[in-house]
Amino acid sequence: MALSKQTIAQLAEHLESCQLQVRDTPKITDEHPEMDWDDAYAVQDAILARKLARGARLVGLKAGLTSHAKMQQMGVTAPVFGFLVDEFSVAEGAAVKAGELIQPKVEPEIAFVLKHPLKGPGCHIGAVLAATDFVLPGIEVIDSRYRDFKFDLKSVVADNTSASRFVVGGRPMRVQDVDLRTVGLVLEKNGQPVALGAGAAVLGHPAAAVAALANHLGARGQEIPTGTLILSGGATEAVSVQAGDAVALRVQGMGSVGLRFT
Ligand code: 0L1
Ligand code: MG
């Protein structure tokens, strides 16, 4: 690690304040170019610790930048991982106040819920499918705290991979009843299709994103516990939203889920 404990705590406080106070910031590597990957995840962990200390509940985990479309959109080549707490969770069809967000975008995702824990290294698609209770449609609202989306991957990791809101719903399915590679996804904004994809857009198979998360945590001596909800990453590029927009995701055989921005 290149940063001191004090700097990590300061960066966590800074980034979380930007989120809570709806303020943007230059990317943190401008001032801390020496920040390494362990520092970036340590800042993310410190943000989670701040939220838990205030009574938040950890309700899930996420993989991000898992599709080629999204990687191309961001000019990166590797996935990233983050956490979801209760304050991010939106009820199906509910309204999100756009004024509480800086520059929101939505992503169509397949969400997994585990019936067994998953531990890396060596976690693979087969292990993920065997450990999955069900999958269901999910929309992630990302909201980068970095001014004009000018960031690098380490800054994004520190900023909890832009996590902001999410909704899951529709019709949960057992993994044996759906081919997650060929399953089609249609993201609609105000009734119009704005992004189309298939499960295979996510690292070839959405379960591969969950395996990558398990392997990432395994390298840090952690596992994904039973019951965890995991967002496997956007299957298409992210779509900008603003107040007045209604967004729905339809996933083949799994119904639809939506939310609104007011
Ligand atoms: O969920 C994700 O794909 C993370 C995206 C992080 C970068 C961004 O804000 O677009
Ligand atoms: Mg996402």
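One-based numbering, in listed order, for ligands and for the atoms of each.
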Worked verdict on S89 versus D86 for side-chain hydrogen bond (donor to acceptor under 3.5 Å, both in side chains): CA-CA 5 Å; S89 177; D86 54 343; over 6 Å; no
[X] neighbourhood, listing ligand 1 atoms whose heavy-atom distance to it stays under 4.0 Å:
{"X": "S144", "value": "9 (O)"}
{"X": "V156", "value": "6 (C)"}
{"X": "I142", "value": "1 (O), 8 (C), 9 (O), 10 (O)"}
{"X": "G64", "value": "1 (O), 2 (C), 3 (O)"}
{"X": "E140", "value": "1 (O)"}

N/O donor-acceptor pair under 3.5 Å between R57 side chain and G55 backbone: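 Looks like no, no N/O pair under 3.5 Å.
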Q103 side chain vs S144 backbone, donor-acceptor pair below 3.5 Å: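 Yes, the answer is positive, given that a donor and an acceptor are paired below the 3.5 Å cut-off.
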For the Mg ion (ligand 2), find the closest N/O/S atom on [X] and give its atom name.
{"X": "E109", "result": "OE2"}
{"X": "E140", "result": "OE1"}
{"X": "E107", "result": "OE1"}

NZ (K115) with more than 12 external heavy atoms under 6.0 Å: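 Enclosed: over 12 neighbouring heavy atoms sit under 6.0 Å from NZ of K115.
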Within 6.0 angstrom of Q72 CD, more than 12 heavy atoms from elsewhere: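 For Q72, atom CD is not crowded (no more than 12 foreign heavy atoms under 6.0 Å).
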Donor-acceptor side-chain pairing of T25 and H14 below 3.5 angstrom: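 Short answer, yes.
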Residues R165 and E100 bridged, charged N to O under 4.0 Å: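 Counted as a salt bridge, because a side-chain N and a carboxylate O are separated by less than 4.0 Å.
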Note: R174-D133 ion pair, threshold 4.0 Å (strictly below):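 Salt bridge present between R174 and D133.
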Distance to 0.1 Å, residue and atom name: give those for the protein heavy atom nearest to [atom].
{"atom": "atom 4 (C) of ligand 1", "value": "T161 O, 3.4 Å"}
{"atom": "atom 10 (O) of ligand 1", "value": "K70 NZ, 3.0 Å"}
{"atom": "atom 9 (O) of ligand 1", "value": "S162 OG, 2.6 Å"}

Option set Q103, K62, K105, criterion heavy-atom distance to atom 1 (O) of ligand 1, minimum: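 Going through Q103, K62, K105 one by one, K62 has the nearest heavy atom to atom 1 (O) of ligand 1.
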F151 touching ligand 1 at heavy-atom level, < 4.0 angstrom: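 Yes, F151 has a heavy atom closer than 4.0 Å to ligand 1.
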Aromatic ring pairing F88/F83, orientation class (parallel under 30°, perpendicular over 60°, tilted between):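 Parallel.
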